[in-house]
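So the structure is just underneath, and the comments pick up after that.
In the text below, chain A, chain B and the rest are named by the order of the sequence lines, each starting its count at 1.
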2 protein chains.
Amino acid sequence: MAAPQPSRLTSPSREPEAGGRDRYFSRLAQERPDIALCRATTVVTRTLDEELAGRQLTMAQHLVLKMLSDVGPCSQQELSEQLRIDRSVMVGCIDGLEDSGLVRRERHPRDRRAYAVTLTPEAGPVLEEAESGVPHLLDRAFVALTAAERRTLTRLMGKILDVH
Amino acid sequence: MAAPQPSRLTSPSREPEAGGRDRYFSRLAQERPDIALCRATTVVTRTLDEELAGRQLTMAQHLVLKMLSDVGPCSQQELSEQLRIDRSVMVGCIDGLEDSGLVRRERHPRDRRAYAVTLTPEAGPVLEEAESGVPHLLDRAFVALTAAERRTLTRLMGKILDVH
DNA sequence: GCAAGATTGTCTGTGCACAGATTATTTACG
DNA sequence: CGTAAATAATCTGTGCACAGACAATCTTGC
């Protein structure tokens, strides 16, 4: 921790700020991986939101369709757990998909508490188009990283996620 | 994209789920670094919040005190930009610190639109205590990573942050 | 069989991040 | 000088994530 500097406020002159006041964030991100992670995720999330703005599906809805396509009909609970989306958020997510006619809430035959969320035939093309946009999405979000660095990132995130 | 499976719902039996329905997230995190990043950050943020729950300062307030201590009095604008905290959030953040008597809103001598947020003598010990907790905080948040992996993470996040 | 607890989907309220409008002040320009 | 544009702090409203409560239904222990 550096000694507090004398009460010098931002100078309106063009001198290069010996205290590093204008590049302070870089230094902070160097010594605080937690802050760096949070701020970088904000940047990535913003990029994702921009990219998805014009499209038909939100990211959550895209993931729901993908999981249903991969493993078959699921309860909202299963979708929530595996996609790490809160149950109460999943409600609105499925609402939207149902309104668009991409999924149906059928009753689970053996557990009438649960739905069996099921894909409709209309979902196929929509999901396929969304999937086709993923590579471009990742390229924009991770422009700064090489392919090898993206794999490293994936590995590190996997380790963090594994310990809950 | 795997072919849609037949309409088989979650079986109540104990058979090991050939479809991988119960480990679906692991597969998803492997192929979607963006999702992995967002979910891992949620995990880290939760850990941080738990750790900070009993303490006097929020993470944002801690960072404000640290920056003021490092570079001297700043306007809220400078704090917002460098700490990547929204201006409108910074207001409440400084409010809290002022109520606790740790900073004062003095007027900037050459720009009466801006404040000169200034540390009080009481801030020293509080900041020092907060700083002393950081290593333990990081250890909890990144239990899953070795020291080398944490440095790698810091480097990758830095690259993402550099391109804005 | 039945009472107690767990689970599913839903709803509500809180807190945070973000965009936009507002006011006071400063800077730029004709 | 004096008007227009830019900036600092603030306030308001929106959208999202999360915790907790709730009713309906299932499961478990006795």
_Euclidean distance, B:Leu68 CG relative to B:Leu63 CG, rounded to 0.5 Å_ = 11.0 Å
*Measure from the side-chain heavy atoms of A:Gln77 and tell me the nearest of C:dG9, D:dT10, D:dC11.*
C:dG9
_Expected output is a numbered-order residue list: members of residues 28-45 of chain A with a heavy atom under 4.0 Å from any atom of DNA chain C. What is it?_
A:Thr42
*Taking side chain as C-beta onward, heavy atoms only, is A:Val117 less than 4.5 Å from A:Glu106?*
no
*Rounded off to whole Å, could you give me the CG-to-C1' distance for the B:Leu97 and D:dA9 pair?*
16 Å
*Starting at CG of A:Asp49 and ending at P of D:dG15, how long is that distance when rounded to a whole Å?*
13 Å
*asked:* Closest approach to the side chain of A:Arg113, judged atom by atom: which nucleotide of D:dA24, D:dT10, C:dT10 is it?
replied: D:dA24
_Measuring to OP1 and OP2 of D:dA19, would you say a side-chain N or O of B:Arg46 lies under 4.0 angstrom away?_
yes
*asked:* Return the CG to CG distance between B:Leu52 and B:Leu137, rounded to the nearest 0.5 Å.
replied: 6.0 Å
_Any side-chain donor near an acceptor of the partner, A:Ser75 and A:Gln77, under 3.5 Å_ = no
*Would you kindly give the NE2-to-C1' distance between B:His108 and C:dA24, to the nearest whole Å?*
16 Å
_Looking at B:Arg39 and A:Leu83, would you say the former's side chain and the latter's main chain have a donor-acceptor pair under 3.5 Å?_
yes
_Gap between atoms CD1 and C1', on A:Ile85 and C:dT10 respectively (whole Å)_ = 17 Å
*Reckon A:Arg87 has a side-chain N or O less than 4.0 Å from the OP1 or OP2 of C:dT8?*
no
*Within this structure, what is the CG-to-P distance between A:Leu83 and D:dA17, rounded to whole angstrom?*
13 Å
*Would you classify B:Arg105 as touching base, sugar-phosphate or nothing, given that sugar-phosphate means primed atoms plus P, OP1 and OP2, and contacts are heavy atoms under 4.0 Å?*
sugar-phosphate
*Which distance, rounded to the nearest 0.5 Å, do you find between the CG of A:Leu65 and the SG of A:Cys93?*
8.0 Å
*Once you round it to whole Å, what is the distance between C1' of D:dC18 and CE of A:Met90?*
14 Å
*B:Tyr115 side-chain proximity, nearest of D:dT10, C:dT8, D:dA19*: D:dT10
_Whole angstroms only, please: what is the CD-C1' distance between A:Glu106 and C:dT8?_
17 Å
*Between B:Ser88 and A:Val91, who's closer to the 5' end of DNA chain C by nearest nucleotide?*
A:Val91
*For B:Gln76 and for A:Arg112, locate the closest nucleotide of DNA chain D by heavy-atom distance; then report the residue assigned to the nucleotide nearer the 5' terminus.*
B:Gln76
*Whichever of A:Ala114 and A:Asp86 has its nearest DNA chain C nucleotide further upstream toward 5'*: A:Ala114
*In whole Å, what is the span from the CG atom of B:Asp95 to the P atom of D:dT10?*
7 Å
_Nearest 0.5 Å, please: how far is CD1 in A:Ile85 from CE in A:Met90?_
4.0 Å
_Options D:dT12, D:dA17, D:dA8, nucleotide nearest the side-chain atoms of A:Val89_ = D:dA17
*To the nearest 0.5 angstrom, please state how far the CD1 atom of A:Ile35 sits from the CE atom of B:Met59.*
4.5 Å
